[in-house]
Amino acid sequence: MRSFLPAVAEQLFRDIQKAYQETSQIADDLLIALNFIFGSCVLQALDLVDQRSVTCLSSPSGRKAFQVIGGSGHLYTCFESCHYCPCPAFAYTVLRRNEGLLCKHILAIYLCQAMGVIQQESVSDQQMSVLLSGTGTHDT
């Protein structure tokens, strides 16, 4: 995912990737740094990671989208090309109040990628077109 994050956050994800590859854990100091940078959504994002709620959908044409099943069971579709989630928390906290960098769904995507635990699923170009048009969701 192309990053729209500050350099310190990008470095933190690289550090998490390295640590997780070596130990299959995220060290306490990295968890503290996550909490410092991203605030209250960290625990919820880690819970989504633990529940394997993030899936990367890819089509034969090379398009990718991420689907995250939120804590309420709602499916959120986020696209690789932009830093956006359709959830209410993103709209309110990130866009309206400018109080956070992202929501728990996007943070869970970044964490899954850094940890190498993201689920992969192939979809047809037609299914991806439906996702891109916003007229439907893909049932994972």
Side-chain angles (χ1 to χ4, degrees):
M1 179 179 272
R2 185 177 59 182
S3 184
F4 293 87
L5 298 174
V8 67
E10 290 181 20
Q11 182 61 50
L12 178 58
F13 288 119
R14 285 191 293 271
D15 292 345
I16 289 170
Q17 180 178 24
K18 182 179 179 196
Y20 199 81
Q21 285 174 347
E22 293 172 358
T23 66
S24 297
Q25 295 182 25
I26 300 176
D28 288 347
D29 61 329
L30 295 175
L31 290 171
I32 291 168
L34 273 172
N35 191 56
F36 181 77
I37 294 171
F38 297 107
S40 63
C41 71
V42 170
L43 288 177
Q44 295 168 323
L46 288 167
D47 189 45
L48 293 174
V49 172
D50 286 343
Q51 293 178 26
R52 301 188 53 80
S53 297
V54 179
T55 302
C56 177
L57 306 175
S58 56
S59 68
S61 62
R63 291 186 175 99
K64 289 186 179 182
F66 295 89
Q67 290 193 322
V68 182
I69 302 170
S72 65
H74 187 81
L75 186 66
Y76 296 101
T77 301
C78 306
F79 299 103
E80 187 171 39
S81 60
C82 64
H83 182 80
Y84 176 77
C85 179
C87 76
F90 188 88
Y92 185 73
T93 305
V94 178
L95 298 178
R96 186 169 181 197
R97 299 204 49 172
N98 199 27
E99 291 179 351
L101 295 171
L102 39 75
C103 66
K104 66 182 178 182
H105 308 108
I106 295 176
L107 180 54
I109 292 168
Y110 280 112
L111 287 168
C112 282
Q113 288 181 314
M115 297 165 65
V117 297
I118 198 158
Q119 297 183 90
Q120 302 285 335
E121 186 174 336
S122 297
V123 297
S124 69
D125 284 327
Q126 182 179 6
Q127 289 170 310
M128 186 61 76
S129 293
V130 169
L131 284 172
L132 291 171
S133 70
T135 59
T137 59
H138 171 73
D139 293 323
T140 55

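The shown structure was predicted, so the numbers you read here are calculated from the model rather than taken from an experiment.
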Would you mind reporting whether [Y] and [X] have side-chain heavy atoms less than 4.5 Å apart?
X: Leu101; Y: Pro6; value: yes
X: Leu34; Y: Leu31; value: yes
X: Phe66; Y: Gln113; value: yes
X: Ile69; Y: Leu48; value: no
X: Leu5; Y: His83; value: yes
X: Tyr20; Y: Val117; value: yes

Joint cluster assignment, [X] & [Y], ILVMFWY side-chain distance < 4.5 Å:
X: Leu111; Y: Ile32; value: no
X: Leu132; Y: Val123; value: yes
X: Val49; Y: Phe38; value: yes
X: Ile106; Y: Tyr92; value: no

Nearest heavy-atom pair of [X] and [Y]: which atoms, and what distance?
X: Cys41; Y: Leu102; result: SG-O, 4.0 Å
X: Val54; Y: Val68; result: CG2-CG2, 4.0 Å
X: Gly70; Y: His105; result: CA-NE2, 3.8 Å

Dump the intermediate steps for side chain to side chain contact (heavy atoms under 4.5 Å, CB included) on Ile26 and Met115, then the final yes or no. CA-CA 9 Å; Ile26 300 176; Met115 297 165 65; 3.8 Å; yes

With sequence neighbours left out, the residues meeting ring pair (Phe, Tyr, Trp, His ring centres under 6.0 Å) with Phe90 are Tyr84

Is there a donor in the side chain of Thr55 and an acceptor in the side chain of Gln67, or the other way round, less than 3.5 Å apart? no

Between Gln17 and Arg14, does any side-chain donor sit less than 3.5 Å from a side-chain acceptor? no

Residue set satisfying side-chain hydrogen bond (donor to acceptor under 3.5 Å, both in side chains) with Ser59, at least two apart, ordered chain then number -> Ser61, Asp125

With sequence neighbours left out, the residues meeting side chain to side chain contact (heavy atoms under 4.5 Å, CB included) with Gln120 are Cys56, Ile118

Whether Gln127 side chain and Ser124 backbone form a donor-acceptor pair below 3.5 Å: yes

- Short question: side chain of Ser133, backbone of Val130 - any donor-acceptor pair under 3.5 Å? yes

- Task: Kindly determine whether Leu43 and Lys104 satisfy side chain to side chain contact (heavy atoms under 4.5 Å, CB included), including the steps that lead there.
- Result: CA-CA 8 Å; Leu43 288 177; Lys104 66 182 178 182; over 6 Å; no

Here the gap from Gln44 atom CD to Cys103 atom SG, rounded to the nearest 0.5 Å, amounts to 10.0 Å

Distance col, row Cys112:SG vs Leu107:CG, nearest 0.5 angstrom, shows 9.5 Å

Assess the residue pair Met128 and Leu57 against the criterion (side chain to side chain contact (heavy atoms under 4.5 Å, CB included)); give the C-alpha distance rounded to whole Å, side-chain angles, the decisive distance to 0.1 Å, and a yes or no. CA-CA 8 Å; Met128 186 61 76; Leu57 306 175; 4.2 Å; yes

Practice item. Would you please test Ile109 and Cys78 for side chain to side chain contact (heavy atoms under 4.5 Å, CB included) and show each step? Key: CA-CA 9 Å; Ile109 292 168; Cys78 306; 3.9 Å; yes

